[in-house]
A.B. asks: 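I have a structure I would like to understand better, so I am pasting it below and will then ask my questions one at a time.
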Amino acid sequence: MGATWWRQAVVYQVYPRSFADSDGDGLGDIPGVTSRVGYLAELGVDAIWLSPFYPSALADGGYDVDDYRDVAPELGTLTDFDALVGAAHAVGIKIIVDIVPNHTSNRHAWFLEALASAPGSAARNRYVFRDGTGVDGSLPPSDWQSHFGGPAWTRLTDADGNPEQWYLHLFAPEQPDLNWDNREVHEEFLTTLRFWADRGVDGYRVDVAHALAKDLSDPLRSKPETPGELPLDGSDPLFDRNEVHEIYAEWRQVFDSYDPPRTAVAEAFSAPERRALYARPTELGQAFNFDLLKADFDAAEFREVVEFCLAQAAEAGSSSTWVLSNHDVVRHASRYGLPTGTDLDDWLMTDGLGTILDEEQGLRRARAAVLFMLALPGSAYLYQGEELGLQEVADLPAGALQDPIWLRTQHTKKGRDGARVPLPWTEEGATYGFGSGNAWLPQPAAWSRVAVDQQDGVGGSTLELYRDALRIRRELQTDETLDWIDAGRDDVVHLVRPGGWHCVTNFGTEPYALPAGEVRVASAELVDGQLPGESSAWFTA
């Protein structure tokens, strides 16, 4: 695949705790992933992206990291991790790991040292500690809000129970923000990057990449509440500051010290016009584009997203990235089956009953959308289970919810657990083949019908559609360009890649007559050369 393997790779996101449980404790684990490497090779992916597997109290699904250079004991050992890397590399699959540099957990050795140290100490300077405001410092240093609800500041108490300083956490209180003005923090993460690269890791997904650099000179300064309001000049006090790119330029030196160079992709919620900065070859190399994920199933909207993202990639000297689902959003097979404009948080709060979900339409559109996505130049990121056509589990009982959003919003938002329910591998068994013990989140009974063993080898199944598409994509893959062809209808999009690889997506409901050519794969059965509504087809001419 060469040093630039990542430019048009298919990357499969594994949420380890929900993929496969090897020891029956109800949690997926690293040996479980290793046991399914053959499945992923048959699926046809180029890389596995592992969501956090580090020691953690799971205050935020593993993104509260106790130790960046170890494996959570309930998920395995470093030896198990090495075995996974070896098994994946043996079948030509790369390994990408999550790096969480904005914050540690509150159980990290550094934070425990900070708690035991005095204000102004070197230990506290690794994090963002400030005195409070108001009488006796009883008010937070600023009005900044956490992404999970409530203030972004938590106050400490000393050993005698006396109130003390406040620390910043842009997410859960268990996730104290690091101080990237401190050189020691830089060195710690450079060491972590080398640690995993030396174990054979091929790349990194950088969590909250836009938040590391902060201007804390005036902590009372108010700020915009949504990424869409971020300024274009990099002047927000917390997000997408220009200084963050100095950090990633230094990371690039580490990446390029390996042969082949390691790669990375930024999760950066910046103004769209600034996203390309993270993807420059002198920095991380790629940045996630969530535009397609956010788009309605609409011909004009999909085309507009593609044109914008490809232009950004060209500007950065990178390749684009495409995503339809991940561990943080409602699965797209469900999103596409809900009326346009549905408030997904409200829908989840009604256990999926407040608005009727058309599962057949959702799956039909999801199958069409993935063929469209896989035909585009750039990297495609798949989320575990989408190849089975899994729906969001909207009716998880309140007692099962573990996402901190549920608690931090006073039970007004369910959060992301519905996308993290363990996978079904077999029709039979209490956990449908996930493991021998009770799964950490309950699985719906309907998943027995869409388990891997129920779709394996079944023509027309979603699993076989993905397998066919990934195999043919590899065969047809070519230069990172495309041209648009006038389809003669506003609800049909026709694109062509070099070498005569055509993709037609019918976003409407009326059939569409495909041009002459050899149909290679289609998301729905054609009738007399007609592409049904809400479906896609690839053909070569």
Side-chain angles (χ1 to χ4, degrees), residues 1 4-20 28-30 32-34 36-37 39-41 43-54 56 61-63 65 68 71-72 75-76 80-81 84-89 91-101 192-193 196-197 199-209 251 255 260-268 278-279 284-290 292-293 318-329 331-332 370 373-374 378-387 416 419-420 423 466 470:
M1 297 170 67
T4 58
W5 63 269
W6 49 271
R7 292 189 67 94
Q8 298 201 75
V10 174
V11 182
Y12 185 97
Q13 181 189 359
V14 167
Y15 193 76
R17 290 170 171 81
S18 297
F19 191 67
D29 46 42
I30 297 298
V33 181
T34 305
R36 300 294 185 177
V37 164
Y39 167 82
L40 296 175
L43 185 61
V45 304
D46 299 305
I48 299 168
W49 155 28
L50 291 169
S51 291
F53 51 84
Y54 312 110
S56 171
Y63 285 88
V65 178
Y68 290 88
V71 175
L75 302 187
D80 292 328
F81 181 86
L84 170 58
V85 173
H89 285 176
V91 293
I93 293 177
K94 308 290 188 182
I95 294 289
I96 295 170
V97 298
D98 240 303
I99 295 293
V100 187
T192 293
L193 295 173
W196 292 111
R199 301 192 91 91
V201 161
D202 303 283
Y204 309 88
R205 179 263 190 186
V206 184
D207 184 62
V208 196
W251 286 21
F255 300 158
R262 299 326 192 224
T263 188
V265 58
E267 181 203 39
Y278 297 84
L284 295 177
Q286 280 190 326
F288 274 130
N289 299 317
F290 295 119
L292 199 62
L293 180 153
S318 180
S319 62
S320 192
T321 60
W322 311 106
V323 186
L324 294 173
S325 282
N326 61 39
H327 65 296
D328 282 334
V329 299
R331 287 183 176 275
H332 65 281
V370 76
M373 179 180 80
L374 291 173
S379 297
Y381 284 77
L382 309 178
Y383 179 51
Q384 63 178 41
E386 70 171 79
E387 76 276 13
R416 302 158 294 179
R420 302 176 179 183
L423 296 191
Y466 271 69
L470 295 188

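We're numbering straight along the sequence, starting at 1.
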A.B. asks: Indicate the atoms forming the closest heavy-atom contact of Trp196 with Tyr68, along with that distance.
C.D. replies: NE1-O, 2.8 Å

A.B. asks: Does any non-hydrogen side-chain atom of Tyr381 lie less than 4.5 Å from one of Asn326?
C.D. replies: no

A.B. asks: For the residue pair Gln286 / Ser379, report whether a side-chain donor-acceptor contact shorter than 3.5 Å exists.
C.D. replies: yes

A.B. asks: Could you tell me which non-hydrogen atom of Asp29 sits nearest to which non-hydrogen atom of Leu75, and how far apart they are?
C.D. replies: CB-O, 3.3 Å

A.B. asks: Is a side-chain N or O of Asp46 found less than 3.5 angstrom from the main chain of Val10, in a donor-acceptor match?
C.D. replies: yes

A.B. asks: Is it the case that Asp80 and Thr34 place a side-chain donor and acceptor less than 3.5 Å from each other?
C.D. replies: no

A.B. asks: Determine whether a donor-acceptor pair (N or O, by modelled atom type, separation under 3.5 Å) exists between the side chain of Gln384 and the backbone of Tyr15.
C.D. replies: yes

A.B. asks: Using the side-chain contact (heavy atoms from CB on, under 4.5 Å) rule, take Phe255 and Leu284 through it: C-alpha gap first, then chi angles, then the decisive distance, then the call.
C.D. replies: CA-CA 9 Å; Phe255 300 158; Leu284 295 177; 4.0 Å; yes

A.B. asks: By salt bridge (charged side-chain N to carboxylate O under 4.0 Å, His left out), which residues pair with Arg205, not counting sequence neighbours?
C.D. replies: Asp98, Asp207, Glu267

A.B. asks: Within a strict 4.5 Å, meaning less than it, do heavy atoms of the Tyr54 and Val97 side chains meet?
C.D. replies: yes

A.B. asks: A side-chain contact here means heavy atoms from C-beta on lying under 4.5 Å apart; do Asn289 and Val323 qualify?
C.D. replies: no

A.B. asks: Minimum heavy-atom separation for Val206 to Ala264, with atom names?
C.D. replies: CG2-CB, 4.4 Å

A.B. asks: Spell out, as yes or no, whether a donor-acceptor pair under 3.5 Å connects the side chain of Trp6 to the backbone of Arg262.
C.D. replies: no

A.B. asks: Determine yes or no for a side-chain-to-main-chain donor-acceptor pair under 3.5 angstrom, with Ser318 supplying the side chain and Gly285 the backbone.
C.D. replies: yes

A.B. asks: Might you point out which heavy atoms bring Gly62 and Ser56 nearest each other, and give the distance in Å?
C.D. replies: CA-OG, 3.6 Å

A.B. asks: Measure the shortest side-chain to side-chain distance between Tyr204 and Thr192 over non-hydrogen atoms and say whether it is less than 4.5 angstrom.
C.D. replies: no

A.B. asks: Tell me, please, which residues at least two apart from Tyr63 pass ring pair (Phe, Tyr, Trp, His ring centres under 6.0 Å).
C.D. replies: His327

A.B. asks: Can you name the residues that form a salt bridge (charged side-chain N to carboxylate O under 4.0 Å, His left out) with Arg420, not counting sequence neighbours?
C.D. replies: Asp328

A.B. asks: Any side-chain heavy-atom pair from Phe288 and Leu293 closer than 4.5 angstrom?
C.D. replies: no

A.B. asks: Can you confirm whether or not the ring centre of Tyr278 sits under 6.0 Å from the ring centre of Trp251?
C.D. replies: no

